[in-house]
Amino acid sequence: MRWRKALEGMTPYTPGRSIEEVKELYGLVDVVKLASNENPYGVAPAVKEQLGTNQIDFEVYPDGYAGKLRGKMATKLGVSENNLLFGSGSDEIIVIIARALLGPGTNTIAATPTFPQYGHHAKIEGAEVKEIPLIDGAHDLDGFLEAVDEDTSVIWLCSPNNPTGNLIIHEDLIDFLNKVPENILVVIDEAYYEYITDENYVNTVSLIQQYANVLVLRTFSKAYGLAAFRVGYAIGQPTVIANLDTARSPFNVTSAGLVLAEKALEDDVFIDECKKVNREQMERFKAYGEAHNLHLFDSQANFVLMEVPVGAGEATEKLLEQGYIVRSGDALGAPGYIRVTVGTAAQNDGFFKAFDVLLEGAGQLK
Ligand SMILES: *Cc1c(COP(=O)(O)O)cnc(C)c1O
């Protein structure tokens, strides 16, 4: 068959091990997954109730315009309905962006390591991917600017960056946007927006008025706890949104996803509480790192990239044997580190105990 050349040498996304798999594989009863940055507190109570009441007509296609969710989201963000695009997770919006803007003869710029889907879909479309190494976990925006040329179509900024958790400093972002040519779409992926506690953070949604080439991505998968239902969204200027909308499939968000996201939006208390507890638990990770002389990146998200005393693969395996699923840095472009989702207090207690065993094995337990 006549596959696109770009697919040669590429591989599908390999998900981490599931809880069930690990239970079976290691004969464990309790397994904790701290690998995919899901919300350890689940969803807001009203969202679960909503699913129980089930007012969905199974045989009817979803509202392709996502009218109700769109209306509520517009009000919440203080934008117009035509500033919004909804996707089957922000993953799908990344695909739509690549499809609408990238192809042979174009290039795109992203950090490394960062969320791999940007480069993945750009490559499939036949675009060249320019990767700019992080500096101490943060985007090297000067490096990005140097990489810009007349064929650059999309720039991907991930803030907080997955896997380091570093936030792009607002002044640096503004300076960057002032220098980037207006015909390049600048995507700011804020999948972990709800967790940001940095006082210097300025809401990026306000930037779309001033910079017509900015598109902000957010999701219901992380803090809102709705990963299973696949709802993400983008905020940008109407012309940008309209072009992306043309490349979107008509019923891309399911009826269940729409209803539940709408409900989830109503509960700010749940999100605020998750944010607060996440920060408290993050401090415990920092303290643990300091106590054991392990480097941790400065995360504004609900995960942390932490140094391990042995190889990342070995560390991941040894934690797995003890029932803790984390992501090896080897798979993320961060050898010598693991990415751990910040869990509940009890989950983290267990994680630190399991990590103690690692340290002990390496003769580094203090
Ligand atoms: C999890 C994640 C996403 C994807 O989220 P979905 O909305 O579930 O597709 C996008 N970007 C980053 C940086 C993420 O970590």
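Quantities reported herein were computed from a predicted structural model and do not represent experimental measurements. We use all heavy atoms of the structure for the numbers below, so side chains are in, but hydrogens, waters and symmetry mates are not.
Within the 3.5 Å criterion, the main-chain N or O of A227 finds no donor-acceptor partner in the side chain of E38. Put simply, the side chain of N161 gets close to the backbone of P113: a donor and an acceptor are under 3.5 Å apart. Within the 3.5 Å criterion, the main-chain N or O of N37 finds a donor-acceptor partner in the side chain of N302. No donor-acceptor pair closer than 3.5 Å links the side chain of D267 to the backbone N or O of A264. Between the side chain of S299 and the backbone N or O of A301, at least one donor-acceptor pair lies under 3.5 Å. With hydrogens and angles disregarded, a donor-acceptor distance shorter than 3.5 Å links the side chain of Q237 to the backbone of I208. The backbone N or O of H295 lies less than 3.5 Å from a partner atom in the side chain of E307, making a donor-acceptor pair.
Under the rule for a salt bridge (charged side-chain N to carboxylate O under 4.0 Å, His left out), D330 has no partner lying at least two apart in sequence or in another chain. With sequence neighbours excluded, the residues satisfying side chain to side chain contact (heavy atoms under 4.5 Å, CB included) with L25 are R17. Taking D57 as the reference, E59, V60 meet the side chain to side chain contact (heavy atoms under 4.5 Å, CB included) condition, with sequence neighbours excluded. Judged as a side chain to side chain contact (heavy atoms under 4.5 Å, CB included), and not counting sequence neighbours, the contacts of A234 are L85, I93, L215, L217. Listed by chain and residue number, N252 satisfy the side chain to side chain donor-acceptor pair (under 3.5 Å) test with E92 (two or more places apart in sequence, or in another chain). Partners of N178 according to the side chain to side chain contact (heavy atoms under 4.5 Å, CB included) rule, which considers only residues two or more places apart in sequence or in another chain, are I174, Y211.
For residues 82-120, the ring pair (Phe, Tyr, Trp, His ring centres under 6.0 Å) pairs, not counting sequence neighbours, are F115-Y118, Y118-W156. Note on residues 69-80: pairs passing salt bridge (Lys or Arg N to Asp or Glu O under 4.0 Å), not counting sequence neighbours, are K72-E262, K72-E266, K76-D268. Listed by first and then second residue, the ring pair (Phe, Tyr, Trp, His ring centres under 6.0 Å) pairs that reach into residues 242-266 are Y61-F251, sequence neighbours excluded. Within the structure, every pair that satisfies the side-chain hydrogen bond (donor to acceptor under 3.5 Å, both in side chains) test and touches residues 130-142, not counting sequence neighbours, is listed here: K130-D149.
Within the 4.5 Å cutoff, side-chain heavy atoms of T197 are placed close to those of Q300. Side-chain atoms of H121 and E125, non-hydrogen and from C-beta on, never get closer than 4.5 Å to each other. Counting heavy atoms from C-beta outward, V253 and L69 have side chains that stay 4.5 Å or more apart. Within the 4.5 Å cutoff, the side chain of L207 has heavy atoms near those of the L173 side chain. Looking only at side-chain heavy atoms (C-beta outward), Y193 and V216 stay at 4.5 Å or farther from each other. Contact check for L265 versus M73: side-chain heavy atoms found under the 4.5 Å cut-off.
A distance of 11.5 Å separates CG in L102 from CG in D151, rounded to the nearest 0.5 Å. Rounding to the nearest 0.5 Å places NZ of K123 at 11.5 Å from OG1 of T108. A distance of 10.0 Å separates CD of E150 from CG of N183, quoted to the nearest 0.5 Å. D189 CG to I97 CD1: the interatomic distance, rounded to the nearest 0.5 Å, is 8.5 Å. Note: N278 CG to E280 CD = 9.5 Å, rounded to the nearest 0.5 Å. To the nearest 0.5 Å, the span separating CG on L177 from CD on E182 amounts to 11.0 Å.
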Derivation of the salt bridge (Lys or Arg N to Asp or Glu O under 4.0 Å) call for E283 and K286: CA-CA 5 Å; E283 293 303 323; K286 281 194 190 170; 3.7 Å; yes
Between N348 and Q281, does a side chain to side chain donor-acceptor pair (under 3.5 Å) hold up when you go through it step by step? CA-CA 8 Å; N348 299 334; Q281 292 301 315; 2.9 Å; yes
Verdict with reasoning, R339 to N162, per side chain to side chain donor-acceptor pair (under 3.5 Å): CA-CA 9 Å; R339 193 194 64 197; N162 185 355; 2.8 Å; yes
Evaluate the side chain to side chain donor-acceptor pair (under 3.5 Å) criterion for residues Y13 and Q117: first the C-alpha distance (whole Å), next the side-chain angles of each, then the deciding distance (0.1 Å), finally the verdict. CA-CA 9 Å; Y13 177 78; Q117 293 298 304; over 6 Å; no
Before giving the answer on side chain to side chain contact (heavy atoms under 4.5 Å, CB included), spell out for L258 and K68 the whole-Å C-alpha distance, their side-chain angles and the decisive distance to 0.1 Å. CA-CA 8 Å; L258 290 173; K68 282 190 184 162; over 6 Å; no
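Between K353 and D349 there is no salt bridge, since no side-chain N of the basic residue sits under 4.0 Å from a carboxylate O of the acidic one. Between K275 and D272 no salt bridge is recorded (no basic side-chain N to carboxylate O distance below 4.0 Å). Checked for salt-bridge contact, E314 and K318 meet the test: a charged N lies under 4.0 Å from a carboxylate O.
The hydrophobic cluster around I169 extends to none of the other residues, as no ILVMFWY side-chain heavy atom falls under 4.5 Å of it. Counting Ile, Leu, Val, Met, Phe, Trp and Tyr side chains that sit under 4.5 Å apart, directly or through other members, L319 shares a hydrophobic cluster with V32, L34, M282, F285, Y288, L294, L296, V304, M306, V308, V310, Y324, V326, I338, V340, V342, F351, F352, F355, L358, L359, L365.
A ring-centre distance under 6.0 Å is found for F220 and Y233. Between F303 and Y192, the gap from one ring centroid to the other is short of 6.0 Å.
A35 and T341 get closest at one heavy-atom pair: N-OG1, 3.6 Å.
In this structure, I135 is not a member of the same hydrophobic cluster as L141, with clusters built from ILVMFWY side-chain heavy atoms closer than 4.5 Å.
Within 6.0 Å of atom CZ in R284, more than 12 heavy atoms from other residues, nucleotides or ligands are found, so the atom counts as buried in its surroundings.
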